[in-house]
There are 2 protein chains.
Amino acid sequence: MSHSVARAVAVLELLSTGPGTQSAVAAALGVHRSTALRLLESLSEGGLVRRGDDQRYYLGSRLNGLAAAAADQFELGAAAHRHLAALQRATGATVHLGALENRVIRYVDKVEPARSVRLYSQIGAPVILHTAGISKAILAFQHPEVAAELLAGHVYERFTATTLTSRAELDAELARVRGRGFAVDDSEHESFIGCIAVPVRGHDGSVSCAVSLTELTARATVAALESHLGRLTEAADAIAKELGWKP
Amino acid sequence: MSHSVARAVAVLELLSTGPGTQSAVAAALGVHRSTALRLLESLSEGGLVRRGDDQRYYLGSRLNGLAAAAADQFELGAAAHRHLAALQRATGATVHLGALENRVIRYVDKVEPARSVRLYSQIGAPVILHTAGISKAILAFQHPEVAAELLAGHVYERFTATTLTSRAELDAELARVRGRGFAVDDSEHESFIGCIAVPVRGHDGSVSCAVSLTELTARATVAALESHLGRLTEAADAIAKELGWKP
DNA sequence: GGACGCTGTTGCGCGCAGCGCAACCTGGTT
DNA sequence: AACCAGGTTGCGCTGCGCGCAACAGCGTCC
């Protein structure tokens, strides 16, 4: 693991939350101003970061080109996106596709309703394992050793009154997910957000993806989202077929 | 300038041209297999790279999230994109927006026709200064010292029979650009591609952006593209107004 | 106009992080 | 069974990246 590369990635993550001055970057990363300058200049040379006229650093346009290339290389991308978009139109909720990538579960695609209120979930960001529907839908269908590895060292931080706060509670919930075939986030991360998720089978029946519906509880409770379970499962099965799964 | 960060960026650039094994990455970068592994693992942890089941490395989904954030931070992005899209519909050609960012001219946006043949120009990639219309449209309207700095150390590589191959030739062409108000790429990089470009004025009248029309010469010669000069100039002026330019 | 504070920049000495290497493991091929 | 190629690991060494001090520039205050 390269320390400097990790720092550079941390700079990108920091700037993804908003632009900032060199000193602000140094403070946030806990490094010297000259170290921050060196990192920012290295990223600027590659076009991943740019410096505005206001002396603040912004994410750079090369990221758009790299993302386009990443999307091209994501063999599931365009095919799955069509199903996600159809599901979004049919349900009105925000739709996510999550995947287990390199021992981390991340959001890999998202289709949002054209509304002013956007749910915050950044593509590529890791999913919170003990609260998110996506992660429970994936974890529930892993071999116990794989699940143990993914959960090694996990901190069961309480966010709301309904957050699961131990491995035992999560295991019990994962057993329920296996029983009923879908996972929920019952306001476990944000008290005003609910979610249901189902696993997506791969060509060999294994699970490394999941699809979810997320909505403000003021618009639709988790119970209301469950009324869309048929559509959600159909979308997941359609994506699974793109992956070569044969029921 | 951080050597390790530069190497990590080089890994991303390499993978943007196609996935590759760890050994292929090591060979392409001229480093040891264990060095390549370290770089790839660091990038994987941040989600910028992922390892496929086929042991090859691909660009990772976090790039999509970072690119979305970069697009949000590009204050000109959405507004300019509308004008680029309208120009593309009106002319049928590929439209580029280029910008001078941190002493480098890069493609920052592109709108392509919905055709199977796509011109290769990656967003965020630096522009070839002595061949591209975009770069000539920007260089022509810089202070001589700024142009000299941008061109310092530039190698005037010949790509086709029409490539400009010296600073003197380029300077003469830039004078012509200033005279007629637009730049051309007269098959100077690829013999089968032509392009015209015009500068975009900033709020203070300075030039740090340009817009271009690019087309296969089999579909439209440079002379044919010039028939769209009015539309191209209108689009550039519309974008300039978004930047606060007052004619 | 001078003092002050903050931010950005530069050059440098030093300690350690990142390097390549050797050895090993795994899987595929002969 | 032997061989090869690619991937992985641990380690010694050195080149690099670190923080520091000093400086420059700018804005604010008196």
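To find a chain, count down the sequence lines: A is the first, B the second, and so on, and within it residues start at 1.
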Nearest-neighbour nucleotide for the B:Ser34 side chain, D:dG17, C:dT10, D:dG10 considered:
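Of all the options, the side chain of B:Ser34 is nearest to D:dG10.
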Will you find, in the side chains of A:Tyr58 and A:Arg50, an N or O donor that is under 3.5 Å from an N or O acceptor?
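The criterion, which ignores hydrogens and geometry beyond distance, is not satisfied for A:Arg50 and A:Tyr58.
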Polar side chain donor-acceptor pair, A:Glu242 to A:His83, under 3.5 angstrom:
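Side chains of A:Glu242 and A:His83: pair found under 3.5 Å.
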[X] has an atom [atom1]; how far is it from atom [atom2] of [N], in whole Å?
X       : N      : atom1 : atom2 : result
A:Gln55 : D:dG27 : CD    : P     : 11 Å
A:His3  : D:dC18 : NE2   : C1'   : 9 Å
B:Leu29 : C:dG18 : CG    : C1'   : 15 Å
B:Glu41 : D:dG7  : CD    : P     : 12 Å
A:Arg38 : C:dT10 : CZ    : P     : 12 Å
A:Leu40 : C:dT7  : CG    : P     : 15 Å
B:Leu37 : D:dC11 : CG    : C1'   : 16 Å

Under 4.0 Å between any heavy atoms, over every strand shown, what does B:Arg56 touch: base, sugar-phosphate, or nothing? Just pick one.
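Since no nucleic acid heavy atom lies under 4.0 Å of B:Arg56, the category is nothing.
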If you look at every strand shown and take non-hydrogen atoms under 4.0 Å, does A:Ser23 touch a base, only sugar-phosphate, or nothing?
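Contact class for A:Ser23: sugar-phosphate only.
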Residue mapping more 5' on DNA chain C - nearest nucleotide basis, A:Gln22 or A:Ser4:
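Per heavy-atom nearest nucleotide, the more 5' residue is A:Gln22.
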Residue whose closest nucleotide on DNA chain C lies nearer the 5' end, B:Leu39 versus B:Arg33:
B:Leu39
Note: A:Arg62-B:Glu13 ion pair, threshold 4.0 Å (strictly below):
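Yes.
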Is B:Arg201 close enough and on-axis enough to B:Phe141, meaning under 6.0 Å and within 45°, for cation-pi?
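Yes, B:Arg201 sits over the ring of B:Phe141.
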